[in-house]
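These notes are about the structure you will find just below.
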Amino acid sequence: MRAGRLEGAWTPWVPALAAAGAALALFALHAPLRSSLGWDDTFYALQTSSLVEDGDLDLRDDMLASGFTIPDRLELLTDTTPAGGLDNEFSVGPALLWLPAYAAGLPLRREEPGRIAVRWSRAQRVALHLLTFLSLAGVLCFLLRLHARAAPGGEPGFLAVAALLLGTPLLVYATSDYTMSHLPSAVATALLIAAALGLERRPRPARALLAGLALGLVFLMRWQDVVFAAVLAAPLLGIWDQRDRGDRGDRWQAAVLAAWAGAGFLAMASLQLHAWRLERGSWLVVPQRQGFFHPWSPEILRFLFSGRSGLLAWSPVFALAALGLVLPWRCRLPRRWALAALAVLLVEVYVNAAAGDWWGGHSFGARRMVSCVPLLPLGLANLGAFRRLSRWTAGLLVLGCGWGLFAGLLYWNGVQDLSL
């Protein structure tokens, strides 16, 4: 009995230690301190400094005082809206997530007399580097815990999570390119899934409000990811359709909890709506240029299979996870969780394939699918529950790790099209 208690006491630490070790190894190998920014991450970083230094979202002074090297500075400064501000197509969520790092480095920032204080000094960039490490470790720990929660035997699935780390664009966008929005979006979706699972365990208004806030945070990171509302629907539908299907009390409780979740979502999402109001003059806008989306002619096959950042060409582990979601369900979580995850994946593929630059510009694989990685342990856990397929599954996961590392090396050496 004593040994069992000791084992149970130490078990929760195993995923955390494994996640921290994996994150530390990746950061030691390929996560240099960022000193330069590209196009997208310039707007994310400068929104952070603008909120702290000026309390607004006018990025022109932040551009001039940035401690980052920004090669496209002149083009950015001349690309303006009719109101005179910089034409910002990017969400405010990563800026909010990085505020603690920016604030932590403020006391160590050196200011020269008579000059504008450097924004994103070295101390602040170091703080962001450390925050990114903690974020990656947190996401990996969540992946391990979710696999253990879903798998029939309760095992954490180290090989499955290794494949998700090394065989998806998370490998690049949580290490060398961490100033993009993709790791923050994975953090937000992991928090949403955790909050939804907590709501299912204990259906209380406070937990529903927290889940709604998490969904709002997902929206703040990448507004297209609002489709993750399907994840929040999973516990609410479970409460709606319990054992006594004719019991109005359960349906009333589900409706009340949905209202609390909706209130939390609107409260958090209003931050992005307010930012659009300041920058674009409207509460609801599509910040990308007109004609960016082609909903009636999505490039689905090219998005999935093209050598130029195709999802399955660069990250075949997505196919394994999707297969696990459609197979007969053997996990401990209810089947509706698989249906919710599958619905999110299908809609995300459609939305990203309908984008004008479905390949994601300068991209490692289908980078816009990183937010879906926290859902994939559900499919891999179910796939691993089939004993007849266990050897094949393990072999394919190992191959997925190897292919992901190979693709990462190609990208880091300048190759973005496998067809070359």
Side-chain angles (χ1 to χ4, degrees), residues 15 18-19 21-23 25-27 29-31 135-137 139-144 146-147 150-151 155-178 180 182-183 185-187 189-190 303-325 341-342 344-345 348-349 352 359-360 363-384 389-413 415-418:
L26 277 180
F27 264 62
L29 291 172
H30 217 291
S135 299
L136 175 58
V139 169
L140 295 180
C141 183
F142 170 80
L143 296 178
L144 289 168
L146 180 60
H147 190 284
E155 58 274 7
F158 292 105
L159 180 57
V161 173
L164 294 179
L165 172 61
L166 303 177
T168 69
L170 185 64
L171 171 67
V172 167
Y173 294 103
T175 55
S176 61
D177 295 355
Y178 60 80
M180 300 286 280
H182 306 298
L183 178 60
S185 70
V187 171
T189 54
F303 176 77
L304 291 176
F305 302 110
S306 173
R308 188 181 184 185
S309 302
L311 175 64
L312 301 184
W314 287 79
S315 306
V317 69
F318 273 86
L320 286 178
L323 176 62
L325 293 174
L342 193 59
V344 171
L345 285 174
E348 287 278 3
V349 167
N352 290 317
W359 59 92
S363 173
F364 171 70
R367 59 184 175 89
R368 293 166 179 156
M369 296 292 291
V370 171
S371 56
C372 296
V373 171
L375 286 173
L376 301 186
L378 297 174
L380 296 182
N382 189 53
L383 190 62
L389 300 176
S390 59
R391 292 184 179 180
W392 286 98
T393 301
L396 290 173
L397 289 175
V398 171
L399 288 176
C401 293
W403 178 253
L405 286 172
F406 173 69
L409 290 174
L410 288 179
Y411 174 80
W412 284 320
N413 284 279
V415 177
Q416 296 182 58
D417 191 343
L418 297 177

[atom1]/[X] to [atom2]/[Y] distance, rounded to the nearest 0.5 angstrom?
{"X": "L405", "Y": "L410", "atom1": "CG", "atom2": "CG", "result": "11.0 Å"}
{"X": "S185", "Y": "L170", "atom1": "OG", "atom2": "CG", "result": "9.0 Å"}
{"X": "L136", "Y": "L165", "atom1": "CG", "atom2": "CG", "result": "6.0 Å"}
{"X": "N382", "Y": "T393", "atom1": "CG", "atom2": "OG1", "result": "10.0 Å"}
{"X": "L146", "Y": "L375", "atom1": "CG", "atom2": "CG", "result": "8.0 Å"}
{"X": "L380", "Y": "L325", "atom1": "CG", "atom2": "CG", "result": "8.5 Å"}

H182: which residues meet the side chain to side chain donor-acceptor pair (under 3.5 Å) condition with it, sequence neighbours left out? R367
Side chain to side chain donor-acceptor pair (under 3.5 Å) partners for S371, two or more places apart: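 Scan of S371 (side chain to side chain donor-acceptor pair (under 3.5 Å), adjacent residues dropped) gives D225.
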Output every pair passing side chain to side chain donor-acceptor pair (under 3.5 Å) with a member in residues 158-177, not counting sequence neighbours, ordered by first then second residue. S176-W412, D177-Y411
With sequence neighbours left out, what residues match L399 under side-chain contact (heavy atoms from CB on, under 4.5 Å)?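 Applying side-chain contact (heavy atoms from CB on, under 4.5 Å) to L399 gives L396.
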What pairs with A150 under side-chain contact (heavy atoms from CB on, under 4.5 Å), at least two apart in sequence or on another chain? C331, L333, L378, A381
List, one per line, each side-chain donor-acceptor pair under 3.5 Å for residues 306-323, sequence neighbours excluded.
{"from": "S306", "atom 1": "OG", "to": "R308", "atom 2": "N", "distance (Å)": "3.0"}
{"from": "S309", "atom 1": "OG", "to": "W359", "atom 2": "O", "distance (Å)": "3.3"}
{"from": "W314", "atom 1": "NE1", "to": "G307", "atom 2": "O", "distance (Å)": "2.9"}
{"from": "S315", "atom 1": "OG", "to": "G167", "atom 2": "O", "distance (Å)": "3.4"}

